[in-house]
A.B. asks: 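Let me give you the structure first, and then I'll get to my questions.
Any value given below was found using the heavy atoms of this structure, including those in side chains, with hydrogens, waters and symmetry copies removed. All ligand and atom numbering here is 1-based and tracks the order in the structure.
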Amino acid sequence: MMNGKDTPKRKILVTGGAGYIGSHTVKELVKRGYDVTVLDNLSNGNMISLDGVKYIEGDIGDYDKVNKLLQFEEIDAVINFAALAYVGESVSDPRKYYDNNVVKGKAFLDAVVDSGVKKIVFSSSCATYGIPEKIPISEDERQWPVNPYGWTKLMFEQMMKDYDEAYGLRYISLRYFNAAGADADGSIGEMHDPETHVIPILLQNVLGIRKKFFVFGTDYDTRDGSCIRDYVHVTDLADAHIKAIEYLFENEKSDFFNLGTGEGITVLELIGAVEKITGRKLNVSLEDRRSGDPNALVADNTKAKIVLSWNPVHSSIENIIRTAWNWHSRK
Ligand code: UDP
């Protein structure tokens, strides 16, 4: 039995484990009995102190460090969260994104295969699909990104695919839709600087940190004219990573999955939900579209449900906003 009394704990290296989704996943891995080592450059850190988690400060692009670490710690599998993730910044400063996510990503993959580790779970994104032809988006939708961030994620997916065929690296690529919410106990949550994501921005507006909330576009071809997104709770994403790791240990087979709820919600509907849950009125201003925003992104999550037995049970919009509010209002 996995992680039973007589079997050694499985050892997982989590890169970017101090980040938003990484820290929630580290917490979940520890809860389920894994031995966790975090490699993080602490650029956007949300470090949590957990018994049994080793934090190593370092960069995924440092081939020698990663190679030695994987061998010294006798790592069984890696989860790679370390990446830059601002779509807008990737447009204005693409070299930074190709450097971090692709060039350093390749050094990391090389260290993984050279050290004999054969299993990797990767944070990919619905941004790899670009403007989808069909909603909800299934995994066989054409991948054609519309910004450098999406291209860096797609390039990493391609490298894993080629390394699988050539070197036997088995991977699971998890394509997140809109990650949101915070841990139920309020100890970790979403924290970006600068903040560009809609739910933290809405809550900063409630808290008076921002004077106005700007709705980016009200003339989209959607039910109320504002953009539709599929918000998925970070605890459900963390759970998907555990299921992906288990799948790799059990099946030794590569695959990729969309992680979303299958339900889309508009920006105007989000405002209503935030007002209801916080009991406060927002100061809203209707603006022009933000460039590069597709009108609707909703996941077809059938494959993750069937193959990984994953279910986004924490992802009602009420629970997402309630846990995010709990985290933002206690800071
Ligand atoms: N959005 C908005 N106002 C804001 C920030 C975001 O109206 O201050 C909208 C944005 O146009 C998009 C949705 O909220 O339709 C989600 O944006 P976010 O940046 O959170 O995630 P994305 O879908 O771009 O990854």
Side-chain angles (χ1 to χ4, degrees), residues 19-21 44 83-92 97 101 123-132 135-137 145-154 174-182 189-234 237 258-275 282-299 315 317 320-321 323-325 327-328:
Y20 172 43
I21 305 168
N44 275 316
L84 297 177
Y86 290 118
V87 171
E89 189 186 43
S90 82
V91 176
S92 58
Y97 277 69
N101 298 359
S123 317
S124 189
S125 168
C126 65
T128 59
Y129 296 116
I131 314 272
I135 298 286
I137 305 169
V146 290
N147 50 59
Y149 168 72
W151 280 110
T152 66
K153 290 288 168 184
L154 186 56
L174 299 175
R175 298 176 187 154
Y176 317 149
F177 281 63
N178 286 60
E190 189 169 9
M191 192 171 54
H192 298 105
D193 186 20
E195 191 51 78
T196 61
H197 292 107
V198 66
I199 292 177
I201 287 179
L202 279 163
L203 297 174
Q204 287 178 349
N205 189 268
V206 174
L207 289 167
I209 298 168
R210 287 171 196 257
K211 297 233 171 324
K212 268 191 178 166
F213 175 75
F214 302 108
V215 178
F216 295 144
T218 50
D219 59 349
Y220 285 99
D221 182 18
T222 60
R223 51 186 175 265
D224 61 19
S226 63
C227 281
I228 291 179
R229 292 289 179 275
D230 182 340
Y231 298 91
V232 54
H233 198 285
V234 64
L237 292 181
N258 285 342
L259 298 180
T261 64
E263 301 282 333
I265 175 164
T266 70
V267 176
L268 295 176
E269 288 164 353
L270 265 186
I271 294 172
V274 167
E275 288 184 337
L282 286 163
N283 186 6
V284 173
S285 169
L286 305 180
E287 302 290 323
D288 290 342
R289 296 178 177 199
R290 184 172 73 175
S291 81
D293 274 343
N295 68 324
L297 293 172
V298 179
S315 294
I317 202 66
I320 284 175
I321 294 170
T323 54
W325 177 232
W327 156 253
H328 279 274

A.B. asks: Pairing donors with acceptors under 3.5 angstrom, does anything connect the side chains of N147 and Y97?
C.D. replies: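 No, Y97 and N147 have no side-chain donor paired with an acceptor closer than 3.5 Å.
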A.B. asks: Can you sort out which atoms of ligand 1 are near V215, meaning under 4.0 Å from one of its heavy atoms?
C.D. replies: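 In order of numbering, the contacting atoms are 7 (O).
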A.B. asks: What's the shortest distance from atom 3 (N) of ligand 1 to any protein heavy atom, and which residue and atom give it?
C.D. replies: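 Going by distance alone, atom 3 (N) of ligand 1 is nearest to F214 O, 2.7 Å.
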A.B. asks: Answer yes or no: does an N/O atom from V198 fall short of 3.5 Å to an N/O atom of ligand 1?
C.D. replies: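 Yes.
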A.B. asks: When you measure from atom 22 (P) of ligand 1 to every protein heavy atom, which one gives the shortest distance, and what is it?
C.D. replies: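 That would be N178 ND2, 3.5 Å.
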A.B. asks: Which residue owns the protein heavy atom closest to atom 9 (C) of ligand 1, what's the atom, and how far is it?
C.D. replies: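 Nearest neighbour among protein heavy atoms for atom 9 (C) of ligand 1, to 0.1 Å: V267 CG2, 3.8 Å.
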A.B. asks: Give yes if a backbone or side-chain nitrogen or oxygen of L297 is under 3.5 Å from a nitrogen or oxygen of ligand 1, and no if not.
C.D. replies: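 Not met; the criterion fails.
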A.B. asks: Heavy-atom count around D288 CG within 6.0 Å, excluding the residue itself: above 12?
C.D. replies: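 No, the 6.0 Å shell around CG holds no more than 12 heavy atoms from other groups.
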A.B. asks: Return the closest protein heavy atom for atom 11 (O) of ligand 1 as residue, atom name and distance.
C.D. replies: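 Looking only at protein heavy atoms, the one closest to atom 11 (O) of ligand 1 is D293 OD2, 2.6 Å.
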A.B. asks: Compute the minimum heavy-atom distance from V87 to ligand 1 and say whether it is under 4.0 Å.
C.D. replies: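 Outside the 4.0 Å threshold, so no.
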A.B. asks: At less than 4.0 angstrom from any non-hydrogen atom of T196, what atoms of ligand 1 do you find?
C.D. replies: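 Per the distance check, 5 (C), 19 (O).
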A.B. asks: Any idea which protein heavy atom is nearest atom 15 (O) of ligand 1, and the distance to it?
C.D. replies: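 Ranked first by proximity to atom 15 (O) of ligand 1 is C227 CB, 2.9 Å.
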A.B. asks: Is any side-chain heavy atom of Y149 less than 4.5 Å from a side-chain heavy atom of S125?
C.D. replies: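 Answer yes - side chains close enough.
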A.B. asks: Between the candidates F177, F216, Y231, which shows the shortest non-hydrogen contact distance to atom 7 (O) of ligand 1?
C.D. replies: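 When every heavy atom of F177, F216, Y231 is considered, F216 comes closest to atom 7 (O) of ligand 1.
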A.B. asks: Please report whether ligand 1 has a polar contact with H197, defined as an N or O pair separated by less than 3.5 Å (distance criterion only).
C.D. replies: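 No, no N or O pair falls under 3.5 Å.
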A.B. asks: Got more than 12 heavy atoms from elsewhere within 6.0 Å of CD, E89?
C.D. replies: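 Check passes, neighbour count above 12.
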A.B. asks: Using a plain distance cutoff, I'd like to know if I201 has any nitrogen or oxygen under 3.5 Å from a nitrogen or oxygen of ligand 1.
C.D. replies: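 Such a contact does not occur with ligand 1.
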A.B. asks: Kindly compute the distance separating CG (L202) from CZ (F213), expressed to the nearest 0.5 Å.
C.D. replies: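 The CZ atom of F213 is 4.0 Å from CG of L202, to the nearest 0.5 Å.
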A.B. asks: Less than 4.0 Å between a side-chain N and a carboxylate O, is that true for R210 and E195?
C.D. replies: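 So E195 does not pair with R210 through a salt bridge.
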A.B. asks: How about N258 and C126: do any of their side-chain heavy atoms sit closer than 4.5 Å?
C.D. replies: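 SC-SC contact between N258 and C126 ruled out.
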A.B. asks: Are any of the side-chain heavy atoms of I201 and N205 separated by less than 4.5 Å?
C.D. replies: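 No. Closest side-chain heavy atoms not under 4.5 Å.
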A.B. asks: Of R229, R289, R290, which has the heavy atom at the shortest distance from atom 24 (O) of ligand 1?
C.D. replies: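 Considering heavy atoms of R229, R289, R290, the nearest to atom 24 (O) of ligand 1 sits in R290.
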A.B. asks: Is L270 touching ligand 1 with its side chain, its backbone, both, or neither, if touching means heavy atoms under 4.0 Å apart?
C.D. replies: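 No part of L270 is near ligand 1 at this cut-off.
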A.B. asks: So, do Y231 and I265 sit near enough that their side-chain heavy atoms are less than 4.5 Å apart?
C.D. replies: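 Of all side-chain heavy-atom pairs linking I265 with Y231, at least one is under 4.5 Å.
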A.B. asks: Give a yes or no answer on whether the side chain of T323 reaches the backbone of A182 with a donor-acceptor pair at less than 3.5 Å.
C.D. replies: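 Yes; judged by distance alone, with no hydrogens or angles, the pair exists.
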A.B. asks: Side chain, backbone, both or neither: which part of F213 comes within less than 4.0 Å of ligand 1 when only heavy atoms are counted?
C.D. replies: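 The part of F213 near ligand 1 is the side chain, not the backbone.
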